[in-house]
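Data first, discussion second: the structure below is written as structure tokens.
Since this is a predicted model, take the numbers as computed values, not measurements. In what follows, chains are A, B, ... by sequence order, proteins preceding strands, each numbered from 1.
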2 protein chains.
Amino acid sequence: MCNRLLNDLIDIWQLLGHSHNVAWLMGKARTHNGSSTPTIRDVARAAELSVASVSRVLNRHDNVHPETRDKVHRAMRDLGYVPNAAARSLSTAKANAIGVVLPDLYGEYFGELVRGIDRAVGKHGKLLLLSTIHADLALAASAMGAMRGRTDGLIVMAPELSRADLDTVIPAGMPTVLINSPEDAAHFNLRVDNRAGMMLMVRHLLARGCRSIIHLGGRPENLDAAERTEGFRMAMADLAPDLAADVLQGDFSEESGERLVQQLLSKGSRFDAIFAANDMMALGAIQALKTVGISVPDEVAVAGFDDIPLARHLGLTTLAVNIAATGAMAVERLMIELAGEAPAPQLVRTSARLVVRESTSRR
Amino acid sequence: MCNRLLNDLIDIWQLLGHSHNVAWLMGKARTHNGSSTPTIRDVARAAELSVASVSRVLNRHDNVHPETRDKVHRAMRDLGYVPNAAARSLSTAKANAIGVVLPDLYGEYFGELVRGIDRAVGKHGKLLLLSTIHADLALAASAMGAMRGRTDGLIVMAPELSRADLDTVIPAGMPTVLINSPEDAAHFNLRVDNRAGMMLMVRHLLARGCRSIIHLGGRPENLDAAERTEGFRMAMADLAPDLAADVLQGDFSEESGERLVQQLLSKGSRFDAIFAANDMMALGAIQALKTVGISVPDEVAVAGFDDIPLARHLGLTTLAVNIAATGAMAVERLMIELAGEAPAPQLVRTSARLVVRESTSRR
DNA sequence: GCCTTTTGTGTAACCGGTTACTTAATGACC
DNA sequence: GGTCATTAAGTAACCGGTTACACAAAAGGC
């Protein structure tokens with residue numbers, strides 16, 4: 001009846017050309033009938049209470065009469081009311097979600113990291129906003145900008161951005177934790193201790209008797225790739241200064257590992273170990289060796305970096321990073337910052353553990 | 001100067017005890033100075049324009065004078081302005097993000113699905129809100145409720161929820177696409193054609209000469225697991241009615257596959273093929289067989305389902321589902337629904353492709 | 001019984017954008 | 001020169017919550 005009245009009024013005004021009033025009234029009419037999703041005001045009306053009381057029930061304030069609480073609950077159930085998160089975020093300036101920005105990662109790394117972050121975020125009762133960036137600065141900026149208002153904090157993994165770019169791209173005042181990104185005085189940064197890891201593996205390969213080790217590196221723009229290559233050179237210089245430290249450049253993809261080894265073989269190079277900068281390239285290398293009938297590990301030892309799930313199944317010797325745990329750790333640190341207890345930002349290195357499997361076992 | 005005035009006023013009012021006015025004024029003062037993140041009104045003030053003009057520039061309307069546009073851009077840059085997504089969502093009723101709700105999946109399935117969805121969502125310039133559920137109905141409801149106002153649509157994968165529960169849990173009026181979930185008249189549903197897949201594999205195993213095939217099933221509450229087990233029984237009844245169709249129940253985990261085969265072996269059962277309901281269990285089975293020195297495929301053929309990346313590396317015969325593509329397809333369908341062109345909801349079955357590898361190659 | 005707390009509820013001003021409608025200014029045309 | 005169309009910019013009312021403050025009623029203290 002109320003709506004009928006309103007609609008008549010709308011018709012009249014429409015005839016008179018008062019389109020502004022019409023739009024306004026139609027908005028009112030809409031919230032009155034059930035066609036649109038109900039708002040807190042609809043609940044208040046149904047429960048014959050004010051919006052303040054409904055809001056207090058929603059937020060579990062304790063100064064609400066039990067009877068009132070029941071009335072509100074009944075009204076919410078009847079209307080199928082679900083609060084609007086955008087409105088809530090706007091008025092409280094809290095989004096109850098955290099944003100994750102990372103590159104479209106190779107292989108299983110992506111899934112493992114997202115899984116680790118997601119679990120930790122869920123444990124804190126928050127949602128996860130995911131955005132992948134593709135090495136484009138402008139896109140990275142817009143991705144992080146899009147998080148403004150929807151997230152309370154950010155976890156950023158940008159191994160291919162420069163330190164300066166990172167600074168311009170992270171919105172000012174947004175609590176942010178970095179993973180495997182350039183060092184930055186303003187933010188906590190979680191990095192793998194690549195150099196120490198490389199040292200461990202080189203020592204292992206030398207101990208196993210390898211004399212000509214070839215390192216398959218990632219693209220030098222990638223921070224971890226660069227550190228690993230440098231770590232390889234340092235380790236070789238330290239532990240076996242008389243041996244050559246050969247480095248070839250790939251791009252972390254399985255295909256590049258396979259291609260590089262094929263090239264080596266076709267050139268007739270001699271080598272007894274391949275140490276790739278990540279597991280995917282190591283798997284590619286094994287593939288190439290197997291194809292031409294070279295035995296791993298008897299003729300050539302192969303090692304990787306990361307310890308993705310595949311590595312265990314394929315018996316690949318590698319450096320274990322525990323990717324999921326890294327993600328979870330970043331979340332925990334971010335939560336601390338959000339709680340206001342902000343210890344000085346710092347660079348934390350997580351150590352890589354040497355995992356010896358068949359691909360480098362002694363003959 | 002303006003702020004100085006305001007602050008004096010605040011002091012006076014504070015003395016007088018008008019705390020309400022003080023709070024209000026302090027809010028005003030805050031937006032005037034640079035301590036807080038700038039709003040559109042700050043930009044308007046800096047550019048000496050109205051908020052409407054700033055908004056028009058932001059949204060690339062064409063009825064803005066070029067000079068005005070420049071002034072706004074300059075002011076935004078100077079202030080480091082980033083629009084607040086919550087406010088924008090609230091007033092436009094568009095969130096420019098889509099929500100994904102899925103269980104904490106086994107193995108690589110999770111990562112692949114998220115990757116596929118994320119890529120497709122990014123292609124449409126939207127963000128991805130991720131929430132994992134853990135078979136708890138109330139939590140599932142709250143997870144989906146939390147999406148209200150933050151997302152324009154939902155992609156839900158709930159293979160362990162009943163049809164009725166699903167209906168109560170999906171917020172009314174929210175465009176939703178289902179993946180591997182119970183059938184539901186109201187929503188588009190993307191499912192794997194499990195039965196046809198099982199038929200393909202059983203035919204392959206029989207053709208290879210297997211005579212006693214054992215199926216390792218998942219938990220029957222899981223929709224796909226149930227269909228696969230049923231499909232196995234049907235295929236066996238169809239293609240080899242004289243042979244036994246043995247079924248053991250696992251839970252999709254690698255460990256359960258290993259355990260089931262160990263039990264079989266310790267009981268002294270005879271069999272020449274293991275057909276697991278997913279790849280992870282198949283890998284567990286291979287592990288168990290290898291440990292006791294049974295050759296795969298010479299003595300026992302092993303097959304799985306899903307074709308996770310691991311399967312290719314380990315030479316596991318399986319049924320390829322293309323998980324990432326499924327996720328992308330769900331996104332595309334959701335986009336169509338969001339564009340308003342809403343074809344009738346329907347159940348679409350994606351077929352599984354038989355991929356024969358070493359684990360079932362002829363001896 | 002009167003005054004002071006306590007408790008519960010309502011009112012209305014925010015949060016930071018968008019946009020319908022209005023108005024001012026400029027140009028076009030007779 | 002006056003009228004009408006066009007363009008550019010401004011005003012203010014929304015979106016749907018939260019919450020400070022006001023206020024009424026009930027409870028407690030003397």
Measure from [atom1] on [X] to [atom2] on [N] and round the result to the nearest Å.
| X | N | atom1 | atom2 | value |
| --- | --- | --- | --- | --- |
| Arg150(A) | dG17(C) | CZ | C1' | 13 Å |
| Asp42(A) | dC15(D) | CG | C1' | 13 Å |
| Asp62(B) | dT6(D) | CG | P | 15 Å |
| Asn84(B) | dC15(D) | CG | P | 18 Å |
| Asn59(A) | dA20(D) | CG | C1' | 15 Å |
| His61(A) | dG17(D) | NE2 | P | 15 Å |
| Leu90(B) | dC15(D) | CG | C1' | 4 Å |
| Asn96(B) | dG17(C) | CG | P | 16 Å |

Which atom of Ser50(B) lies closest to which atom of Ala44(B), heavy atoms considered: C-CB, 3.8 Å
Which nucleotide wins on minimum distance to the side chain of Thr92(A), given the candidates dG16(D), dG16(C), dT18(D)? dT18(D)
Would you indicate, yes or no, if dT18(D) has its OP1 or OP2 atom less than 4.0 angstrom from a side-chain nitrogen or oxygen of Ser55(A)? yes
Would you tell me if any nitrogen or oxygen in the side chain of Arg88(A) comes within less than 4.0 Å of OP1 or OP2 on dG16(D)? no
Residue pairs passing the salt bridge (charged side-chain N to carboxylate O under 4.0 Å, His left out) test where at least one lies in residues 80-101 of chain A, sequence neighbours excluded: Lys94(A)-Asp152(A)
Between Thr68(B) and Arg56(B), is any side-chain donor less than 3.5 angstrom from a side-chain acceptor? no
Yes or no on salt bridge (Lys or Arg N to Asp or Glu O under 4.0 Å) for Glu337(B) and Arg333(B), after CA distance, side-chain angles and deciding distance? CA-CA 6 Å; Glu337(B) 293 198 12; Arg333(B) 167 70 195 209; 3.1 Å; yes
How far apart are the C-alpha atoms of Val156(A) and Met174(A), what are their side-chain angles, what is the distance that settles it, and do they pass the side-chain contact (heavy atoms from CB on, under 4.5 Å) test? CA-CA 11 Å; Val156(A) 174; Met174(A) 174 79 86; over 6 Å; no
Would you call Met147(A) and Val101(A) a side-chain contact if the rule is heavy atoms closer than 4.5 Å? yes
Does a side-chain heavy-atom distance below 4.5 Å link Arg115(B) with Thr132(A)? no
All N/O contacts under 3.5 Å from nucleotides 9-12 of chain D to the protein, with atom names and distances to one decimal?
unit_1: dA9(D); atom_1: OP1; unit_2: Thr68(B); atom_2: OG1; d: 2.2
unit_1: dA9(D); atom_1: OP2; unit_2: His65(B); atom_2: N; d: 2.9
unit_1: dA9(D); atom_1: OP2; unit_2: Thr68(B); atom_2: OG1; d: 3.2
unit_1: dA9(D); atom_1: N7; unit_2: Arg56(B); atom_2: NH2; d: 3.4
unit_1: dG10(D); atom_1: OP2; unit_2: Ser50(B); atom_2: N; d: 2.8
unit_1: dG10(D); atom_1: OP2; unit_2: Ser50(B); atom_2: OG; d: 2.9
unit_1: dG10(D); atom_1: OP2; unit_2: Ser53(B); atom_2: OG; d: 3.0
unit_1: dG10(D); atom_1: N7; unit_2: Arg56(B); atom_2: NH2; d: 3.0
unit_1: dG10(D); atom_1: O6; unit_2: Arg56(B); atom_2: NH1; d: 3.3

